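Notes follow once the structure below has been shown.
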Amino acid sequence: MTYRMLARALIVAALLGVLCLGFGAASPRVLGASVGSIQGDVNCSGAADTLDSLQILVGVASAQSSAAGCVDDAGDVDCDGDSDSADAIRILRFAASLEVEQADNCVTIGAYLVAPPTSEELIAAALEAGDISYEDSLRARAFALFDDPQLDPAFHSPIIDYHAGRLLAAEMETNRAQLSQALLDDMEPILARPNDPISIFYDLPAQSSAIVTAPAVPWRSLPAAGGLARVWMHATSDTPLVPYANAVSKVWPLLQGLIGSPNPDSATPPTVVNPDTAIDLYFLPFDEIDPRNAYCTSHPNDTDCIVGTSNGVTLPAGAFTGKKSSGYVMIKTTITGDELLRVSAHELSHVVQNKYDYKESNWLADSTADWASFRVLQGIPATKPTLYKRARVIFDNPGKPLSRDEGQSRYAAWLYFFSLSIEKGDTVFTKVWEKAAASGEDSERAADAAFKFDDYFDDFTVRNWNQDPVPDRYKTKDSTFPNHH
């Protein structure tokens with residue numbers, strides 16, 4: 001038996017609990033969890049509380065398995081393979097609103113083990129099936145956003161996707177000319193600014209002559225990447241914008257050569273913050289409101305309209321054609337240096353993805369965007385790719401699915417696409433996203449359709465050893481890649 005055959009036998013035996021990785025199977029701990037089940041809810045009551053902690057302790061004391069139908073799924077809150085007193089203590093601390101140490105890559109207590117579909121997902125499925133019209137889907141999405149009693153019960157979900165409001169407003173604004181006046185009239189109270197008397201949020205505040213508001217610093221912009229992109233920020237001169245324009249100009253041609261160009265943005269009619277078809281990148285503080293979205297400018301207190309803790313956010317924009325669009329980017333002004341290059345490349349990769357399907361899964365979007373940003377940084381002299389640490393999630397969790405979306409796991413999956421590109425070249429991004437352009441959310445199925453996991457996953461597991469005498473290591477392709485056992 002050759003070393004390669006032996007390596008495959010040993011490593012695949014240890015790691016091939018992850019062969020289901022390629023097909024989105026859940027980890028064994030939550031394999032039987034039902035939709036809507038909650039981490040820590042061992043008695044199936046719908047919440048994690050002190051009674052759940054007691055249920056586990058009773059089972060431990062009697063040395064018998066609990067009869068509760070949820071204990072096997074939700075009782076192992078520290079993910080060590082069983083439900084015991086340590087789990088009970090964690091649930092008890094959670095119920096008492098005390099700090100709970102979060103186990104790595106483990107679902108947070110009180111969070112869904114298997115989240116139910118959002119109203120947006122249910123409505124999209126009904127639209128695709130032809131059960132409702134496009135305009136009816138827009139009405140239903142608005143009703144769902146505000147938990148309106150007019151929403152069809154079939155579309156009700158315990159999860160309200162407030163982020164969907166931004167997409168709804170942008171989509172309606174883009175398609176306004178094709179929508180009926182009756183629909184626009186129905187939606188106007190929802191989309192109007194809160195200080196407009198027709199708004200459902202209208203509540204005229206008491207005015208005080210003692211309050212003086214300082215004038216806002218205007219948006220300024222500079223072209224980048226030969227005019228194909230434009231960077232923006234609140235500034236009184238062009239000077240602070242120069243580093244951002246330079247970063248985008250460095251990243252753009254490398255990204256274009258790697259994964260192609262995005263669809264041009266739309267500026268019909270042009271606005272102050274979107275005057276042309278260039279791809280716009282807005283650099284702003286973490287608490288800045290999205291400048292491009294009608295919903296956000298009408299709801300300035302909606303925390304889902306800000307960049308928040310994310311380094312960057314990309315949203316679809318432009319003329320929507322089915323699932324295809326362009327996009328715009330928001331990046332925090334605290335990002336500098338090599339990290340600015342990486343985040344810019346990652347977010348611009350999302351804009352390119354939008355020309356295939358802006359409704360794809362976070363797993364496919366972020367894993368391939370991280371792969372693209374890694375390859376871009378490799379092409380910029382004196383930069384240091386910083387994604388190796390994210391890849392450790394793969395090495396540290398060999399029994400977890402590759403396609404799971406927990407913590408940093410979806411970003412860590414860039415390593416699979418890097419392994420794939422070693423064998424098939426840098427066209428992997430384009431070929432996978434061409435498959436993702438099919439109807440529905442394809443996620444890891446798009447990767448499998450482009451490059452069968454049966455053909456490439458075992459080489460990935462062997463390469464994860466990354467040590468001599470494995471003949472084709474990551475370090476064969478990238479001499480800076482660290483060794484991992």
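Here the structure is a predicted model, which is why all the values come from computation and not from measurement.
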Side-chain donor/acceptor of Ser421 to backbone N/O of Asp426, under 3.5 Å: no
Arg90 side chain near Ile109 side chain, heavy-atom distance below 4.5 Å: yes
NZ/NE/NH1/NH2 to OD/OE distance under 4.0 Å, Arg342 and Asp370: yes
Inspect the contact between Lys435 and Asp442 and indicate whether a charged nitrogen and a carboxylate oxygen are less than 4.0 angstrom apart. no
Using only heavy-atom distances, determine whether the side chains of Arg463 and Ser419 contain a donor-acceptor pair under 3.5 Å. yes
Rounded to the nearest 0.5 Å, what separates atom CD1 in Ile331 from atom CE in Met233? 12.0 Å
Within the side chain of Asn354, is there an N or O that forms a donor-acceptor pair under 3.5 Å with the backbone of Ser326? yes
Give a yes or no on whether the backbone of Glu121 and the side-chain of Thr118 come within a donor-acceptor separation of less than 3.5 Å. yes
Expected output: side-chain Asp448 to main-chain Phe453 donor-acceptor under 3.5 Å: yes
Report the C-alpha distance between Phe460 and Leu415 in whole Å, list the side-chain angles of each, state the deciding distance to 0.1 Å, and finish with yes or no for side-chain contact (heavy atoms from CB on, under 4.5 Å). CA-CA 9 Å; Phe460 170 59; Leu415 189 64; 4.1 Å; yes
Asp87 side-chain N/O to Val77 backbone N/O, donor-acceptor pair under 3.5 Å: yes
side-chain contact (heavy atoms from CB on, under 4.5 Å) partner of Val251, the single match among Val376, Leu340, Leu377: Val376
Among Phe429, Phe374, Tyr456, ring-ring contact (aromatic ring centres under 6.0 Å, His included) partner for Phe418: Phe374
Leu183 backbone acceptor or donor facing Glu135 side chain under 3.5 Å: no
In sequence, state the C-alpha distance, the side-chain angles, and the governing distance for Asp290 and Tyr282, and then conclude on side-chain hydrogen bond (donor to acceptor under 3.5 Å, both in side chains). CA-CA 9 Å; Asp290 179 350; Tyr282 303 91; over 6 Å; no
Scan side-chain atoms only and decide if His346 and Asn311 contain a donor-acceptor pair under the 3.5 Å cut-off. no
Aromatic contact between Phe320 and Tyr358, with the criterion being ring centroids under 6.0 Å apart: yes or no? yes
Restricting to non-hydrogen atoms, name the atom on Lys431 and the atom on Ala450 that form the minimum distance, rounded to 0.1 Å. O-CB, 3.8 Å
Point-to-point distance, once rounded to the nearest 0.5 Å, from CG of Leu151 to CD1 of Ile123: 6.0 Å
Show the nearest heavy-atom pair for residues Leu364 and Ala446, with the distance to one decimal. CD2-CB, 4.1 Å
Nearest-0.5 Å distance, CZ of residue Arg473 to CG of residue Asn466: 6.0 Å
Please tell me whether Asn175 and Tyr134 have a donor and an acceptor in their side chains that are separated by less than 3.5 angstrom. yes
What's the shortest heavy-atom distance between Ile279 and Asp265, and which atoms? CD1-N, 4.0 Å
Could you tell me if Trp433 and Thr368 have a donor-acceptor pair between their side chains, going purely by distance under 3.5 Å? yes
Do the ring planes of Phe481 and Trp414 sit parallel (below 30°), tilted (30 to 60°) or perpendicular (above 60°)? tilted
Donor-acceptor under 3.5 Å (Lys323 side chain, Ala438 main chain): yes
Evaluate the side-chain hydrogen bond (donor to acceptor under 3.5 Å, both in side chains) criterion for residues Tyr474 and Asn464: first the C-alpha distance (whole Å), next the side-chain angles of each, then the deciding distance (0.1 Å), finally the verdict. CA-CA 8 Å; Tyr474 292 115; Asn464 285 346; 2.5 Å; yes
Side-chain touch Gln353/Ile259, heavy atoms, less than 4.5 angstrom: no
Please check if the side chain of Ser344 supplies one atom and the backbone of Leu341 the other of a donor-acceptor pair under 3.5 Å. no
Are the side chain of Thr321 and the backbone N or O of Lys324 linked by a donor-acceptor pair below 3.5 Å? no
When rounded to the nearest 0.5 angstrom, what distance separates CG in Leu179 from CG in Asp185? 11.5 Å
What heavy-atom pair brings Ser349 and Leu255 nearest, and what distance separates the two atoms? OG-CD1, 3.5 Å
Salt-bridge criterion met for Glu171 and Arg141 (N-O under 4.0 Å): yes
Are the side chain of Glu347 and the backbone N or O of Val329 linked by a donor-acceptor pair below 3.5 Å? no
Taking atom CG of Asn397 and atom CZ of Arg404, what is their separation to the nearest 0.5 Å? 5.0 Å
